[in-house]
Amino acid sequence: MTIRMMGRLAAGIAMIAMTAGAAKAAEQVEVLHWWTSGGEAAALNVLKENLQKEGVSWKDMPVAGGAGSAAMTALRARVTAGDPPTAVQLLGFDLRDWSEMGVAANLDDLAKKEGWDKVIPAALQAFSKYDGHWVAAPVNIHSTNWLWLNKAALDKAGGKAPTNMDELFALLDKFKAQGITALAHGGVPWQDGTLWEAVVLSVGGPDFYKKAVLDADPAALSSDTMKKVFDDMSKLRTYFDPNFSGREWNLSTALVIEGKAGAQEMGDWSKGEWLRAKKEPGKDFVCIRFPGTQGSVLFNADQFMMFDVGEKQRDAQLKMASAVENPAFQIAFNTVKGSVPARTDISDEKFDDCAKKGMKDLAEASSKGTLMGSLAHGYAQPAAVKEAMLDVITQHLNGQLTTEAALKRLPEAVAAAK
Ligand code: GAL
């Protein structure tokens, strides 16, 4: 071969390499989500990096705001414009609402090839599928009835974790006496609802939760048990700090991490913030089921719904869905996020004690029939009913409605939203 020929060959090889590179770079997913806190972003990075390794680039569309209400507004605008993102973080009934509009992609072939039917819990599949077809890839299972305690503050208060509402109030009094904020809470509707649903479960037990929240039964919504729930909510408010209104959940978590507050009621995504601050469960913080709710789990699972974005992005979209269900990814992501895997075939070996408890509680609740959807995170009621209930809960917590008025308004608001 002459030098000239070799030169031409080299140029040809370079050209092929460049074309391959360009083809790879063209594979992209655009992802709409609300994972903007430190712990959430760290978890999402695991997915971004895994996809990058497969030649799929990531176009990020973050819309801040826990529980995703701002994200839903952004999604509406994109879908109305006929230009949906490739994948969207969605919860529960919202998955149904969007699927109903006929904008979902079909993941059946991939799901079949990878055997999703056998490993994704039925409680999730009920939302990952629409009309019998897979439309979403579930990422995790979170649960909302947790209480996160600063270990040093708890030790100073005697070290005993509360097991019912009375013991919780007694502990909060002790935190107050220590001169710290007793309960770190952010006053926004979804956070008010997250606290409220835990109190409903604690005060009324699982059967009452089913009646009042899952069935939205008018008698349960205005019952004496519900009166106690609202009274307890008013009492809990006396343990918040004066700056609670409008505060994002992760800033409240930070107060507990720094020892400026004693406790926070929040879903296990708050563990993501503790881990990110290099804090250890059992040493720096304690995770317990919200007092009085042991044995039941209020769940919410993040799912990436795939939108119909045409053939051009189809391959990248399927790669993303497959990457999400990959067992190694399920471990790498959920150990950072604070959630537990969305698959039943993952060992708890690599998980910390809080997640081990989460996985055990989940299995137990699922076998006992006490695994129930979270209202505040879209797994109990469709958006309209959820928003109507959250409105009443927030107004009551802010003192704009008396307990008597809230008991009357709650069933009325639900009926009007249905
Ligand atoms: C939830 C979501 C979690 C968490 C939280 C706060 O609705 O399921 O993954 O991120 O919002 O942003």
Side-chain angles (χ1 to χ4, degrees), residues 35 39-40 42-44 46-47 91-92 114-128 136-149 161 163 194 197-198 201 206 209 253 264-276 279-304 324-374 377 379:
W35 284 334
E40 291 173 331
L44 195 58
V46 179
L47 183 59
L91 299 172
E114 298 188 348
W116 293 6
D117 270 295
K118 291 186 281 287
V119 292
I120 311 269
L124 265 54
Q125 283 194 35
F127 295 93
S128 327
V139 197
N140 60 10
I141 304 177
H142 272 303
S143 109
T144 61
N145 56 316
W146 287 103
L147 188 72
W148 305 87
L149 295 148
T163 59
T194 305
E197 65 190 33
L201 182 59
Y209 185 91
T253 308
Q264 180 185 26
E265 190 287 331
M266 189 45 64
D268 38 13
W269 48 89
S270 87
K271 193 185 75 185
E273 302 303 301
W274 285 94
L275 299 180
R276 188 130 174 94
K279 304 293 183 192
E280 282 176 39
K283 185 169 156 261
D284 305 302
F285 67 98
V286 174
C287 55
I288 57 167
R289 284 292 163 190
F290 186 75
T293 71
Q294 183 61 48
S296 298
V297 170
L298 301 184
F299 80 94
N300 63 311
D302 293 299
Q303 312 211 22
F304 279 116
V324 165
E325 299 314 330
N326 178 298
F329 166 77
Q330 285 282 324
I331 295 171
F333 176 89
N334 287 306
T335 45
V336 177
K337 183 68 167 68
S339 36
V340 302
R343 300 175 59 116
T344 50
D345 60 343
I346 310 277
S347 147
D348 69 0
E349 193 194 336
K350 297 257 164 55
F351 288 83
D352 63 30
D353 287 348
C354 293
K356 281 196 170 89
K357 176 172 168 52
M359 288 166 86
K360 202 166 146 263
D361 288 354
L362 188 68
E364 185 194 321
S366 155
S367 70
K368 278 195 344 200
T370 54
L371 173 64
M372 299 168 292
S374 151
H377 300 270
Y379 276 88

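- Closest non-hydrogen pair, Pro121 versus Ala342, comes out as CD-O, 3.1 Å.
- Counting only N and O atoms by type, the side chains of Arg289 and Ser143 include a donor and acceptor under 3.5 Å apart.
- By the 4.5 Å heavy-atom criterion applied to side chains, Leu147 and Pro291 are counted as neighbours.
- For Trp146 and Phe299, the gap between ring centers reaches or exceeds 6.0 Å.
- With values rounded to the nearest 0.5 angstrom, Ser296 atom OG is found 9.5 Å from Asp361 atom CG.
- Contact check for Ile346 versus Ile331: side-chain heavy atoms found under the 4.5 Å cut-off.
- The shortest non-hydrogen separation linking Trp274 to Asp284 is CZ3-O, 4.0 Å.
- Minimum heavy-atom separation, Val324 to Pro138: CG1-O, 3.6 Å.
- Residue Asp268 holds its CG atom at 9.0 Å from SG of Cys354, rounded to the nearest 0.5 Å.
- Rounding to the nearest 0.5 angstrom, the gap separating the NZ atom in Lys337 from the CG atom in Leu47 is 12.5 Å.
- Between Asn300 and Ser374, the side chains place no donor N or O within less than 3.5 Å of an acceptor N or O (distance only, hydrogens not considered).
- Listed here is the closest heavy atom pair of Ser270 and Gln264: CB-OE1, 4.0 Å.
- Ring planes of Phe127 and Tyr379: perpendicular class, angle over 60° (limits at 30 and 60°).
- The shortest distance between side-chain heavy atoms of Ser128 and Phe304 does not fall below 4.5 Å.
- Ring orientation note: the planes of Phe333 and Trp35 are tilted relative to one another, at an angle of 30° to 60°.
- Ion pair Lys271/Asp352 flagged as a salt bridge, since at least one NZ, NE, NH1 or NH2 atom sits closer than 4.0 Å to an Asp/Glu carboxylate oxygen.
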| message | Assess the residue pair Val340 and Phe351 against the criterion (side-chain contact (heavy atoms from CB on, under 4.5 Å)); give the C-alpha distance rounded to whole Å, side-chain angles, the decisive distance to 0.1 Å, and a yes or no. | response | CA-CA 9 Å; Val340 302; Phe351 288 83; 5.5 Å; no

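- Side-chain atoms of Glu325 and Ile120, non-hydrogen and from C-beta on, do get closer than 4.5 Å to each other.
- Salt bridge present: Lys368 and Glu364 bring a charged side-chain N and a carboxylate O closer than 4.0 Å.
- Remark: the backbone N or O of Leu91 is not paired with any side-chain donor or acceptor of Gln303 at under 3.5 angstrom.
- In this structure, the side chains of Glu265 and Thr194 come closer than 4.5 Å at one or more pairs of heavy atoms.
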| request: Report the C-alpha distance between Val139 and Phe329 in whole Å, list the side-chain angles of each, state the deciding distance to 0.1 Å, and finish with yes or no for side-chain contact (heavy atoms from CB on, under 4.5 Å). | output: CA-CA 9 Å; Val139 197; Phe329 166 77; 4.1 Å; yes

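- Between Val46 and Ala332 the shortest heavy-atom distance is CG1-CB, 3.8 Å.
- Within a 6.0 Å sphere centred on NZ of Lys360, heavy atoms belonging to other residues, nucleotides or ligands number 12 at most.
- Here the CZ atom belonging to Arg276 is positioned 11.5 Å from the CD atom belonging to Glu40, to the nearest 0.5 angstrom.
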| field | Asn334/Ser339 under side-chain contact (heavy atoms from CB on, under 4.5 Å): CA gap, chis, key distance, verdict | value | CA-CA 5 Å; Asn334 287 306; Ser339 36; 2.6 Å; yes

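- Rounded to the nearest 0.5 angstrom, Leu124 CG and Trp116 CH2 are separated by 12.0 Å.
- Phe285 places none of its side-chain heavy atoms less than 4.5 Å from the side chain of Leu149.
- Listed here is the closest heavy atom pair of Leu275 and Pro281: CD2-CD, 4.4 Å.
- More than 12 heavy atoms of other residues, nucleotides or ligands sit less than 6.0 Å from atom CZ of Arg343.
- Expressed to the nearest 0.5 Å, how far CG of Leu298 lies from CG of Leu201 amounts to 5.0 Å.
- Put simply, the side chain of Val297 does not reach to within 4.5 Å of the side chain of Thr144, judged on heavy atoms.
- When side chains are defined from C-beta on, Glu197 does not count as touching Asn145, because their heavy atoms never get closer than 4.5 Å.
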